[in-house]
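Below: the structure, in structure tokens.
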Amino acid sequence: QVQLIESGGGSVQAGGSLRLSCEASGGTFSEYAMGWFRQAPDKEREFVASISRDGTITSNADSVKGRFTISRDDDKATVYLRMNSLKPEDTALYYCAASARYMPGKIMGRYSYWGQGTQVTVSS
């Protein structure tokens with residue numbers, strides 16, 4: 001059973017930056033692809049970014065391309081989401097997720113484990 005704990009959320013002004021972290025435990029981290037999703041109030045959860053098991057392939061949602069970067073450190077069993085040029089519409093609860101697939105991409109059903117989320121609030 002894999003446990004995921006997100007951190008790094010907070011409140012920032014538009015144009016600012018944050019780095020989210022998600023630390024995994026209870027499994028072999030390198031055996032999992034990782035993803036970030038977000039959910040704004042009264043909206044469905046949506047895909048943000050994903051990274052393959054070996055870290056060689058990444059995928060971003062169109063809404064964050066050029067602004068967000070996903071990365072992983074297998075030695076620390078941690079996946080990161082660097083968020084630059086933040087906009088008010090990026091305000092949401094951000095979740096990380098783990099998948100046993102090589103590269104699950106944006107399909108939520110391919111992820112077996114989820115964290116509790118970390119809140120990001122961007123003010124204008």
Side-chain angles (χ1 to χ4, degrees):
Q1 187 79 3
V2 176
Q3 291 84 43
L4 302 172
I5 299 177
E6 302 97 334
S7 62
S11 297
V12 296
Q13 290 191 328
S17 299
L18 284 173
R19 189 182 76 160
L20 305 184
S21 300
C22 173
E23 184 173 1
S25 61
T28 302
F29 186 70
S30 60
E31 294 180 353
Y32 293 91
M34 301 298 295
W36 286 97
F37 292 78
R38 66 186 182 186
Q39 188 166 15
D42 300 322
K43 291 189 176 181
E44 294 186 352
R45 193 172 299 189
E46 65 176 5
F47 169 75
V48 176
S50 62
I51 187 166
S52 60
R53 280 205 301 256
D54 58 7
T56 60
I57 302 173
T58 62
S59 177
N60 287 357
D62 289 343
S63 59
V64 305
K65 280 181 180 176
R67 301 188 299 123
F68 291 11
T69 303
I70 188 171
S71 61
R72 64 188 294 157
D73 185 338
D74 286 2
D75 291 337
K76 295 182 179 179
T78 300
V79 62
Y80 303 98
L81 185 68
R82 178 65 181 181
M83 306 186 294
N84 296 328
S85 302
L86 282 161
K87 304 175 181 180
E89 50 264 44
D90 295 318
T91 295
L93 188 61
Y94 282 72
Y95 299 89
C96 74
S99 171
R101 289 175 176 258
Y102 173 72
M103 181 52 175
K106 63 181 181 180
I107 309 301
M108 281 190 287
R110 294 175 177 173
Y111 293 83
S112 301
Y113 304 101
W114 293 81
Q116 295 298 307
T118 185
Q119 179 67 38
V120 172
T121 303
V122 185
S123 58
S124 57

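Quick caveat: nothing in here was measured; it's all calculated off a predicted structure.
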Closest non-hydrogen atom pair between Val79 and Ile70, with its separation
CG2-CG1, 3.8 Å
Quick check: are there more than 12 heavy atoms from other residues, nucleotides or ligands sitting under 6.0 Å from CD1 of Ile57?
yes
Looking at every non-hydrogen atom in both residues, tell me the closest pair between Gly27 and Val2 and how far apart they are.
CA-CG2, 4.2 Å
Say you draw a straight line from CD of Gln1 to OG of Ser25; how long is it, rounded to the nearest 0.5 Å?
10.0 Å
Look at the side chain of Arg72 and the backbone N and O of Ser52, then say whether any donor-acceptor pair between them is shorter than 3.5 Å.
yes
All heavy atoms of Ser85 vs all of Arg67, minimum pair found to be O-NH1, 3.0 Å
Taking every non-hydrogen atom, the tightest pair across Gln39 and Arg45:
OE1-NE, 3.5 Å
Any non-hydrogen side-chain atom of Tyr95 less than 4.5 Å from a side-chain atom of Leu20?
no
Taking side chain as C-beta onward, heavy atoms only, is Ser50 less than 4.5 Å from Met103?
yes
Could you tell me the separation between the CD1 atom of Ile5 and the OG atom of Ser21, rounded to the nearest 0.5 Å?
12.0 Å
Would you check if the side chain of Ser59 reaches a backbone N or O of Gly105 as a donor-acceptor pair within less than 3.5 Å?
no
Enclosure of Glu46 CD (heavy-atom neighbours >12, cutoff 6.0 Å)
yes
Min side-chain heavy-atom separation Lys76-Phe29 under 4.5 Å:
no
More than 12 heavy atoms of other residues, nucleotides or ligands under 6.0 Å from CZ of Arg101: is that the case?
no
Between Phe37 and Trp114, ring centroids under 6.0 Å:
yes
Flag side-chain contact, heavy atom, 4.5 Å: Met83 against Val12:
no
How many angstroms lie between OG1 in Thr69 and CG in Asn60, if you round to the nearest 0.5 Å?
7.0 Å
Using atom types as modelled and distance alone, determine if a side-chain donor or acceptor of Thr58 lies under 3.5 Å from a backbone N or O of Ile51.
no
When rounded to the nearest 0.5 angstrom, what distance separates CE in Met34 from OG1 in Thr78?
9.0 Å
Between Pro88 and Ala14 the two heavy atoms that sit nearest each other are CD-CB, 4.1 Å
In terms of heavy-atom contacts, Ala24 and Leu4 come closest through CB-CD2, 3.6 Å
According to a 4.5 Å side-chain heavy-atom criterion applied to Ile, Leu, Val, Met, Phe, Trp and Tyr, with indirect links allowed, do Leu86 and Val48 form part of one hydrophobic cluster?
yes
Between Tyr94 and the options Glu6, Arg38, Gln119, the side-chain hydrogen bond (donor to acceptor under 3.5 Å, both in side chains) test singles out Arg38
Would a distance-only check, ignoring hydrogens and angles, find a side-chain to backbone donor-acceptor pair under 3.5 Å from Asp90 to Val120?
no
Give a yes or no on whether Phe47 and Leu93 share a hydrophobic cluster (residues Ile, Leu, Val, Met, Phe, Trp, Tyr; joining criterion: side-chain heavy atoms under 4.5 Å apart).
yes
Looking at side-chain heavy atoms only, is the closest gap between Tyr32 and Ser112 below 4.5 Å?
no
Would you check if Ser7 and Thr118 make a side-chain contact, meaning some heavy-atom pair closer than 4.5 Å?
no
To the nearest 0.5 Å, what is the distance between CG on Asp73 and OH on Tyr80?
5.0 Å
Would you say that Tyr102 contacts Asp54 through its side chain, given a criterion of any heavy-atom pair below 4.5 Å between the two side chains?
yes
Quick one: CD on Gln13 to OG on Ser124, what's the gap to the nearest 0.5 Å?
9.0 Å
